[in-house]
Peer 1: 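One structure is given below, represented as structure tokens, and several questions about it will come after.
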Amino acid sequence: MGIFSGLLDILFPPRCVFCHKFLKSGRKKTCSHCETALPFTENGGGKHGDFFSLCVSPLYYEGDVRESLLRFKFKEATGYSEVYGKLLAQCIRENLSNRYDLISWVPLSSRRLKERGYDQAMLLAMSTALELDDVAVSTLEKIVDTEKQSQIASAEKRRANISGAYSAVDGELIHGKRILLIDDIVTTGSTLSECARTLLAAGASEVLCATIARTRD
Ligand SMILES: [Zn+2]
């Protein structure tokens, strides 16, 4: 350990990405309790959507997983993407191996990106791709700044809110490809479905999805 990182550990003792408790020395990013006690899904917890074939997620969106993702999304805990990327890559290897041609993500609108300063799904896609010896490429942009999906309760209203909000950025890149779309959370699946619909309309042959966490139906 270098002097600088040693000093940082004293000033800001590392905490577990999930339960946020201080880590015992020698542990990196997650505590031994969370490693086994997190709400892991079985076989990727596959979810189906109107326009995507399958969405896999290693974790359920509840308890410490939810708190962790909220810090990642809203409290600038961007370093979490490394741990998330490892988990997501493992889930993709186990459940979607050889089923996609390129990795992409669900983008933020430019206004939301300016507010937050980072695109959490892009960070997640990049760290996941890195784990898979691949790269993540941009295939979509969000052209309408919609109301936050998390503030809309009904599935029907979520679908209406997000309809037409995305546009494909590179038809040539997408054409005939099986695209693996990455996002942080899947709830009703309406955002992923709208992104998948946009990609299929732009010539993609299939869309699969992977998120860190999913809600229980
Ligand atoms: Zn923990």
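Both ligands and their constituent atoms are indexed starting at 1 by order of listing. Note that the numbering runs from 1 along the sequence shown for the chain. From a predicted model like this one, the values you see are computed outputs, not experimental measurements.
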Peer 1: Over 60° means perpendicular and under 30° means parallel, so classify the ring planes of Tyr84 and Phe72, tilted if in between.
Peer 2: perpendicular
Peer 1: So, does Tyr118 use its side chain to make a donor-acceptor pair with the main chain of Glu76 at under 3.5 Å?
Peer 2: yes
Peer 1: What angle, in degrees and rounded to 10°, do you get at the Zn ion (ligand 1) when you join it to SG of Cys31 and to SG of Cys34?
Peer 2: 100°
Peer 1: Counting N and O atoms only, with roles assigned by atom type, does the side chain of Thr211 sit under 3.5 Å from a partner on the main chain of Ala213, one being a donor and the other an acceptor?
Peer 2: yes
Peer 1: Please confirm if an N, O or S atom belonging to His33, backbone or side chain, lies less than 2.8 Å from the Zn ion (ligand 1).
Peer 2: no
Peer 1: Is Cys19 close enough to the Zn ion (ligand 1) that one of its N, O or S atoms comes in under 2.8 Å?
Peer 2: yes
Peer 1: Check this for me: does any side-chain nitrogen of one of Arg71 and Glu67 sit under 4.0 Å from a carboxylate oxygen of the other?
Peer 2: no
